[in-house]
Visitor: 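Sharing a structure here in structure tokens format.
Only a predicted model underlies this, so the values are computations on that prediction, with no experimental measurement involved.
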Number of protein chains: 2
Amino acid sequence: MEKQPENCRVEDALSILVGKWKPIIILHLLQQGTKRFSELKRSLPGITQKMLTKQLRELEEEDIVQRVVYPQVPPKVEYSITEYGRSLEPILEAMHEWGTKHTLHKMEKQKQNQMTS
Amino acid sequence: MEKQPENCRVEDALSILVGKWKPIIILHLLQQGTKRFSELKRSLPGITQKMLTKQLRELEEEDIVQRVVYPQVPPKVEYSITEYGRSLEPILEAMHEWGTKHTLHKMEKQKQNQMTS
DNA sequence: TCCCTAAGTATCTTTTAGGATACTATACCA
DNA sequence: TGGTATAGTATCCTAAAAGATACTTAGGGA
């Protein structure tokens, strides 16, 4: 890690990952390969079309996902992770691992609060 | 990584790291140890007192930083990373590494765009 | 002839994050 | 007597993210 936090590039990764839906979209595509728009939508309960479209376009812009349109009616559009997008996997791994620990940490804290109250 | 993205805990890590100031605050404390409020403020050009206070309180709430108040006037308050907070380091490492690659990736893309235009 | 589908747009409203600015307390120092 | 320093609060305001809802397109099937 750099000596000077000012020069650090953590924000770059963060800017791609933040948002209520982006991490889970990336995880779905990482784990399940190519998916149609409607499949993704079904996989993300609560997301609106507008949001899904927006997030996917932003990820495409960053070269994290690839969008393939089949010129047919009704439309068919497939999304998949790019090779470059796959390079985010270690970050997501690290976060997942930490998140699991974090759940335990919170539970322990709650237990302690109960005991002292 | 879990088979089902729904059960994944990536969001937990993300929720702690997001925000315009949190990652850089954590990095400062990780690298420079204990710091007074005013020192942190000087290290973060552009941050307002309100924001710094807010971010620090939220990190304290999550047990990422520790806050120690010395009962004296003018006030003295010291902040430091907790052991638990230190466990975020691998995530920040992974992000930093990726961010560095990302910069290169963007530069290559720009070069290609210039060549095709 | 009309409805269905898939993958969107277009508007409008709500929620959240972030920022600007002013104010506070109180010991110490000139 | 008044100014300085530190670590905050208290209000108000703007911008960005997110959400709700309605509309579009055009081929195929009943």
Visitor: Are any of the side-chain nitrogens in K54(A) or E58(A) under 4.0 Å away from the carboxylate oxygens of its partner?
Guide: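 Result for this pair is yes, salt bridge flagged.
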Visitor: Rounded off to whole Å, could you give me the NZ-to-C1' distance for the K22(B) and dA17(C) pair?
Guide: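 Rounded to whole Å, this separation is 11 Å.
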Visitor: Taking the nucleotide of DNA chain D with the nearest heavy atom to each, does V73(A) or W21(A) sit closer to the 5' end?
Guide: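 On the 5' side of the pair lies W21(A).
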Visitor: In whole Å, I'd like the distance from the CE atom of M51(A) to the C1' atom of dT16(C).
Guide: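 These atoms are roughly 13 Å apart.
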Visitor: Between dA7(C), dA7(D), dT9(C), which nucleotide gets closest to the side-chain atoms of V77(B)?
Guide: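 From the listed options, dA7(D) comes nearest.
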Visitor: Can any side-chain N or O of T100(A) pair as donor or acceptor with the backbone N or O of H96(A) at less than 3.5 Å?
Guide: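 Between the backbone of H96(A) and the side chain of T100(A) there is a qualifying donor-acceptor contact (under 3.5 Å).
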Visitor: Is there a side-chain contact between S38(A) and the phosphate of dA6(C), meaning an N or O under 4.0 Å from OP1 or OP2?
Guide: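 Checking S38(A) against dA6(C): no side-chain N or O falls below 4.0 Å of OP1 or OP2.
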Visitor: Tell me the interatomic distance from K41(B), atom NZ, to dT9(D), atom C1', rounded to whole angstroms.
Guide: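 Atom-to-atom, K41(B) to dT9(D), this comes out as 15 Å.
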Visitor: For DNA chain D, whose closest nucleotide is more 5', that of T48(A) or that of P74(A)?
Guide: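 Its nucleotide being nearer the 5' end, the pick is T48(A).
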Visitor: Calculate the interatomic distance between K54(A) atom NZ and dA10(C) atom P; express it in whole Å.
Guide: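 Result: 15 Å.
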Visitor: Could you state the CD-C1' distance from E39(B) to dA7(D), rounded to the nearest angstrom?
Guide: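 Taking atom C1' of dA7(D) as the reference, CD of E39(B) is at 13 Å.
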Visitor: Expressed in angstrom and rounded to an integer, what is the separation of K35(A) atom NZ from dA7(C) atom P?
Guide: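 About 12 Å, once rounded to whole Å.
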Visitor: Starting at atom CG of L52(B), determine the distance to atom P of dA7(D), rounded to an integer number of angstrom.
Guide: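 Rounded to the whole Å, the gap is 10 Å.
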Visitor: Over all heavy atoms of both residues, which pair between Y84(B) and D63(B) is shortest? Give the atoms and the distance, please.
Guide: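 Minimum heavy-atom contact is CD2-O, 3.6 Å.
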Visitor: Tell me whether the side-chain N/O atoms of R36(B) come closer than 4.0 Å to OP1 or OP2 in dA7(D).
Guide: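 Indeed, a polar side-chain atom of R36(B) lies that close.
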Visitor: Closest-nucleotide mapping onto DNA chain C: is G19(B) or L56(A) further toward the 5' terminus? I mean the 5' end.
Guide: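 It is L56(A), whose closest nucleotide lies nearer the 5' terminus.
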Visitor: Is the shortest side-chain N/O distance from R57(A) to OP1 or OP2 of dT9(C) below 4.0 Å?
Guide: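 For R57(A), the contact criterion (side-chain N or O under 4.0 Å from OP1 or OP2 of dT9(C)) is met.
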Visitor: For dA17(D), take OP1 and OP2 only and decide whether either is under 4.0 Å from a side-chain N or O of K50(A).
Guide: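 Indeed not, no polar side-chain atom of K50(A) lies that close.
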Visitor: Within the structure shown, what part of the strands sits under 4.0 Å from Y70(B) by heavy-atom distance: base, sugar-phosphate, or nothing?
Guide: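 No contact.
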Visitor: May I have the distance from K20(B) (atom NZ) to dA15(D) (atom C1'), rounded to whole angstrom?
Guide: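 Roughly 11 Å, once rounded to whole Å.
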Visitor: Check the pair L52(B) / W21(B) against side-chain contact (heavy atoms from CB on, under 4.5 Å), numbers first and verdict last.
Guide: CA-CA 8 Å; L52(B) 182 52; W21(B) 302 104; over 6 Å; no
Visitor: Please classify the nucleic acid contact of K76(A) as base, sugar-phosphate, or nothing, using heavy-atom distances under 4.0 Å.
Guide: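 Touches sugar-phosphate only.
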Visitor: Does I81(A) belong to the same Ile/Leu/Val/Met/Phe/Trp/Tyr cluster as V69(A), with side-chain heavy atoms less than 4.5 Å apart forming each link?
Guide: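 As far as the 4.5 Å side-chain criterion goes, V69(A) and I81(A) are connected within one cluster.
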